[in-house]
Amino acid sequence: MTTTRFGALQIIIVLLTLATALIHLWLGIAQVTMGIMGGVMFLLNAAGYVGLIAALYLNVPIEFIAKRRSLVRIALVVFAAITILGWAAIGARNEIGFLDKAIEVLLIILLVLEARQE
């Protein structure tokens, strides 16, 4: 199994990922409790962020993932980019939406920087 160096950059990436996951979780719970089934997409998005960041940095005992961390990183970049595009197409233009998109853009930038360091 391969391990990833875990420094300040990785801590920031984890915090940003968890921040956007929590925003999507909060929005999902709020919408589902109001009977808005679109909230399920927010819940799935939150789960996707948590799963990808866990696959990227945790020493998972799944050899396929452990040997392909660069692909997991790419998947996280693509996931964040698709989330941004989805918001651009149908998302609410409010403070939480803009804050979350700023977090996701910064997350993408830092993931690219991390990839270049390898």
Side-chain angles (χ1 to χ4, degrees):
M1 224 177 325
T2 61
T3 57
T4 303
R5 184 181 89 66
F6 208 79
L9 178 61
Q10 290 71 32
I11 291 169
I12 295 168
I13 289 171
V14 168
L15 291 175
L16 290 172
T17 304
L18 293 178
T20 191
L22 286 173
I23 289 169
H24 286 94
L25 179 64
W26 175 68
L27 291 170
I29 290 170
Q31 287 192 4
V32 169
T33 56
M34 291 187 299
I36 302 170
M37 288 314 296
V40 172
M41 289 191 61
F42 284 111
L43 297 175
L44 292 172
N45 191 277
Y49 274 119
V50 171
L52 285 167
I53 200 67
L56 183 59
Y57 292 130
L58 291 181
N59 288 325
V60 293
I62 303 169
E63 188 174 339
F64 178 82
I65 293 173
K67 290 185 175 182
R68 291 167 180 85
R69 294 202 192 277
S70 62
L71 292 178
V72 174
R73 185 180 301 106
I74 291 168
L76 184 52
V77 168
V78 170
F79 190 81
I82 290 170
T83 301
I84 292 168
L85 292 174
W87 175 80
I90 60 173
R93 303 301 188 263
N94 56 26
E95 295 83 9
I96 194 73
F98 286 110
L99 171 65
D100 189 57
K101 294 321 120 191
I103 290 169
E104 290 165 339
V105 168
L106 184 56
L107 175 62
I108 290 170
I109 290 167
L110 294 180
L111 287 165
V112 170
L113 288 174
E114 180 186 47
R116 289 184 171 195
Q117 290 180 352
E118 286 188 349

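L106 and V14 fall within the same hydrophobic cluster, defined by Ile, Leu, Val, Met, Phe, Trp and Tyr side-chain heavy atoms under 4.5 Å apart, directly or through other members. Taking hydrophobic clusters as Ile, Leu, Val, Met, Phe, Trp and Tyr residues chained together by side-chain heavy-atom distances below 4.5 Å, V32 does not share a cluster with F42. I29 and V50 fall into different hydrophobic clusters, where Ile, Leu, Val, Met, Phe, Trp and Tyr residues are linked whenever their side-chain heavy atoms come under 4.5 Å apart, directly or through other members. Note on V40: it does not cluster hydrophobically with F79, by side-chain heavy-atom contacts below 4.5 Å among ILVMFWY residues. Note: the hydrophobic cluster containing L76 also contains I12 (ILVMFWY, side chain heavy atoms under 4.5 Å, direct or indirect links).
Side chain of T33 to main chain of A30: a donor-acceptor pair is present (N/O by atom type, distance under 3.5 Å, no hydrogens or angles).
Listed by chain and number, the residues in a side chain to side chain contact (heavy atoms under 4.5 Å, CB included) with A55 are I65, V72 (sequence neighbours excluded).
For the pair T83/T20, no side-chain contact is recorded, criterion being any heavy-atom separation below 4.5 Å from C-beta on. I109 has its side chain out of reach of V112: every pair of non-hydrogen atoms, C-beta onward, lies at least 4.5 Å apart.
Other residues sharing a hydrophobic cluster with I74 under the 4.5 Å side-chain heavy-atom criterion for ILVMFWY residues are L71, V78, I82. Through ILVMFWY side-chain contacts below 4.5 Å, I90 is grouped with nothing and stands alone. Alongside F98, the hydrophobic cluster contains W87 (criterion: ILVMFWY side chains under 4.5 Å).
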Quiz prompt | Verdict with supporting geometry, I84 and I108, side chain to side chain contact (heavy atoms under 4.5 Å, CB included) | solution = CA-CA 11 Å; I84 292 168; I108 290 170; 3.9 Å; yes
Self-check item: Intermediate values then yes/no, salt bridge (Lys or Arg N to Asp or Glu O under 4.0 Å), E118 and R73
Solution: CA-CA 12 Å; E118 286 188 349; R73 185 180 301 106; 2.7 Å; yes
Quiz prompt | Derivation and outcome, side chain to side chain contact (heavy atoms under 4.5 Å, CB included), residues I13 and L16 | solution = CA-CA 5 Å; I13 289 171; L16 290 172; 5.8 Å; no
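The minimum heavy-atom distance linking A21 with Y49 is given by the pair CB-CB, 3.9 Å.
Every pair passing salt bridge (charged side-chain N to carboxylate O under 4.0 Å, His left out) that includes a residue from residues 81-103 is listed here, sequence neighbours excluded: K101-E104. The salt bridge (charged side-chain N to carboxylate O under 4.0 Å, His left out) pairs that include a residue from residues 45-58 number zero, where partners must be two or more places apart or lie in different chains.
Within the model, atoms CG of L27 and CG of L22 stand 11.0 Å from one another, a figure rounded to the nearest 0.5 Å. A distance of 7.0 Å separates CD of Q117 from CD of Q10, quoted to the nearest 0.5 Å.
None of T17, L15, L107 except one satisfies the side-chain contact (heavy atoms from CB on, under 4.5 Å) rule with I53; the exception is T17.
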